[in-house]
Amino acid sequence: MTLPIAWVDAREAVFEAGSAVASGAVPVPLAESDGLTLAEPLTTLTALPAFPTSSVDGWAVRGAAPWRITGRVLAGDVAQPLTADGTCVEIATGGMVPEGTDHVVRIEDSKVDGDQVLSGEPRKVPDWRLIGEEAALGDELLPAGAPITPGVIGLAAACGYDTLLCRPKPRSALLVFGDELLTAGVPGAGRVRDALGPSLPSWLRRAGTEVVHHRAPVADTLEDHVAALKAAVDAGAEVICTTGGTMHGPVDHLHPALAELGATYVVNTVAVRPGFPMLVAQLPGGQFVAGLPGNPQSTFVALVSLVLPLLAGLAGRPRPVHSTVSLGADIPGRGDFTHLALVRRDPVDGLAYPVAHAGSSMLRGLANSIGFAVIPPGGRGLAGTPAQLVPLPMLDGERV
C-alpha cells in the first residue's frame, strides 16, 4: 500500500514537475494576451512620461507676468521652445511642455486680455508631469511569471509594446468517471446527478487553463478509461483531470489504466483530509493526469492541492501563494493529516468561519466559501488566531 506524501511536499513535487516541461514562450499581440503569463520581465522601452506633459489646461509661461501669447500646444503637438522671458503658450492637458518653461499656470488662475496673459499665479505643486516621473527607461515593472491582466496590457501599451512574450495557457481536459451519474434531470433510483462535469471546466478556466476536451460520464470499465485518456491526449490536453476511481475498489480503473499507458506517478495519495486518495501521474508523452476523488468536496481539495500548483509550473508562474485569514471559530485538526477546512468570510467582522454542510459528498458549503483554511498536521485552528488560506480559483474582479 502506498504511504501518503505530506501535503506541502506533494504541492512542491507537482509544481516542479510542471515547471520542468513548461511551454516555450511566444510573442502575442497585446489584445490577445489577457490571461497569459509574462515569459520575460516587463521593462520600460522609454521613460514614463517620455516628455514633460501638462496636467491641466493653462499657460506654459517663461519669466514674470505679463506674458505675450505666442502660440498653442495641444496634446499630440511638438512644442517649440520658449526662448524669451515674458512669453507663453496656451497648453492643453496632455500637451508637451515647451523647453524653457518656468511654470504652468491654470486657466482659472489667470487673467487674459487679448494676446496677453496679464497675471497668473502657479500652484505650489507644479502642474506638469516630469520625464520619468512614473518610471525611468529600462525600469522593471513586472517580473517574468506575472499573470497578464487588462491592467498589465494597458501598462505595456503605454510603454510602447505591440506584442508581449508570453507563455500560453496550459491546455486541460476533464474526464468524469462513473456509471451512476446522470447528466440531466433529478437524481433517484440509485443514480446521482453529475455535479462535477458542469462545474469543473469553469474552475479550470478560472485556474488559467484552456479546456480542450470534456467527457462525462466515462463508463466504469478499464477499456473506456484507457480510451478516454487517449482521446484527451489526442485533443492536445497537457493536463487531464479525472474524477473518481482513485482508490482500488471493484470499479476503480484509473490505476490500471495508468499502468496500461505506461504512466509514472509524481504523487500517489496525499496526507490531507478530506480527499487523500488523489494523484498526479505523467504519461510517456509528457502529459499529466490529475486523479481527483469522486466525492465533490474531496475533488476540490485535490484541485487546490495538486492541480493549481501543477498549472502554475506549466504556465511558468511562481508557486501559488497562500493568503492569511483570522479565524472566527475553532477548527479541529485531523491527526497526522493536513486538514483543509472550507471557510467563509463574515461580511461584518471579516473573520473566517468554517462552513456547514462540508461533508465529502456535499457542495452546499463549497458554494458559500472563499477557500480552505490550512490546519497543519498535529495542530488545530483556534478562534482569534491566523491561518493560511488556499483560495478557490477566482476570475478577475472576484474577491476572496
Side-chain angles (χ1 to χ4, degrees), residues 1-18 196 200 203-204 207 239 241-249 252 254-255 258 265-282 288-313 319-325 327 330-344 352 354-355 357-363 365-366 369-382 385-393 400:
M1 181 173 177
T2 302
L3 293 175
I5 185 173
W7 183 74
V8 292
D9 295 338
R11 289 169 63 79
E12 180 65 18
V14 296
F15 175 80
E16 292 293 342
L196 299 176
L200 267 175
W203 288 112
L204 290 170
V239 176
C241 293
T242 68
T243 68
T246 55
M247 294 289 282
H248 297 275
D252 293 332
L254 179 57
H255 289 281
L258 293 173
Y265 289 100
V266 179
V267 168
N268 185 8
T269 73
V270 179
V272 64
R273 294 286 190 175
F276 84 96
M278 60 181 75
L279 65 90
V280 170
Q282 192 167 18
F288 293 96
V289 178
L292 316 181
N295 276 326
Q297 192 189 158
S298 297
T299 300
F300 292 103
V301 168
L303 179 77
V304 301
S305 296
L306 297 184
V307 178
L308 297 192
L310 174 63
L311 292 173
R319 293 165 176 79
V321 176
H322 302 157
S323 56
T324 301
V325 292
L327 298 178
D330 292 351
I331 298 177
R334 299 295 292 268
D336 293 335
F337 285 64
T338 297
H339 181 198
L340 292 195
L342 276 173
V343 292
R344 61 176 181 86
V355 301
H357 309 289
S360 289
S361 62
M362 298 179 183
L363 285 168
L366 185 83
S369 67
I370 58 172
F372 296 90
V374 182
I375 310 302
R380 59 183 305 217
L382 299 177
T385 64
Q388 286 188 329
L389 177 77
V390 181
L392 291 164
V400 173

Closest approach of Leu327 to Ala373 (non-hydrogen atoms, all atoms of both residues): CD2-CB, 4.4 Å
Interatomic spacing from CG in Asp252 to OG1 in Thr246 - rounded to 0.5 Å: 7.0 Å
Spacing of NE2 belonging to His322 relative to CG belonging to Leu389, to within rounding of 0.5 Å: 9.0 Å
Nearest heavy atoms of Leu254 and Gly244, plus distance in Å: CD2-O, 4.5 Å
Non-hydrogen side-chain atoms of Val239 and Leu204 separated by less than 4.5 Å: no
Reported CG-to-CZ distance for the pair Leu292 and Phe300, which is rounded to 0.5 angstrom: 9.0 Å
Leu382 vs Asp330 side-chain heavy atoms within contact, under 4.5 Å: yes
For Gly365 against Leu342, the heavy-atom pair lying closest together: C-CD1, 4.0 Å
Heavy-atom pair with the smallest gap, counting every atom of Ala13 and Val266: O-CG1, 3.8 Å
Gln388 side, atom CD; Ile375 side, atom CD1 - distance, nearest 0.5 Å: 10.0 Å
Short side-chain to backbone donor-acceptor contact, Thr243 and Pro293, under 3.5 Å: no
side-chain contact (heavy atoms from CB on, under 4.5 Å) between Leu3 and Thr269, intermediate numbers included: CA-CA 7 Å; Leu3 293 175; Thr269 73; over 6 Å; no
Distance (rounded to the nearest 0.5 Å) between Thr299 OG1 and Leu200 CG: 6.5 Å
Between SG on residue Cys241 and CG on residue Leu310, distance to nearest 0.5 Å: 8.0 Å
Contacts of type side-chain hydrogen bond (donor to acceptor under 3.5 Å, both in side chains), residue Arg380, not counting sequence neighbours: none
Without placing hydrogens or testing angles, list every side-chain donor-acceptor pair under 3.5 Å for residues 301-309, not counting sequence neighbours.
| from | atom 1 | to | atom 2 | distance (Å) |
| --- | --- | --- | --- | --- |
| Ser305 | OG | Trp7 | NE1 | 2.8 |
| Ser305 | OG | Val301 | O | 2.6 |

Heavy-atom pair of closest approach, residues His339 and Pro332: ND1-O, 2.8 Å
Phe276 and Phe337 aromatic ring geometry - parallel, tilted or perpendicular at 30°/60° bounds: perpendicular
Closest non-hydrogen atom pair, Pro320 against Ala312: CD-CB, 4.0 Å
Validation row: Pro4, Val270 side chains within 4.5 angstrom (heavy atoms): no
Residue pair Leu392 / Leu366, side-chain heavy-atom distance below 4.5 Å: yes
Verdict with supporting geometry, His255 and Asn268, side-chain contact (heavy atoms from CB on, under 4.5 Å): CA-CA 10 Å; His255 289 281; Asn268 185 8; 3.5 Å; yes
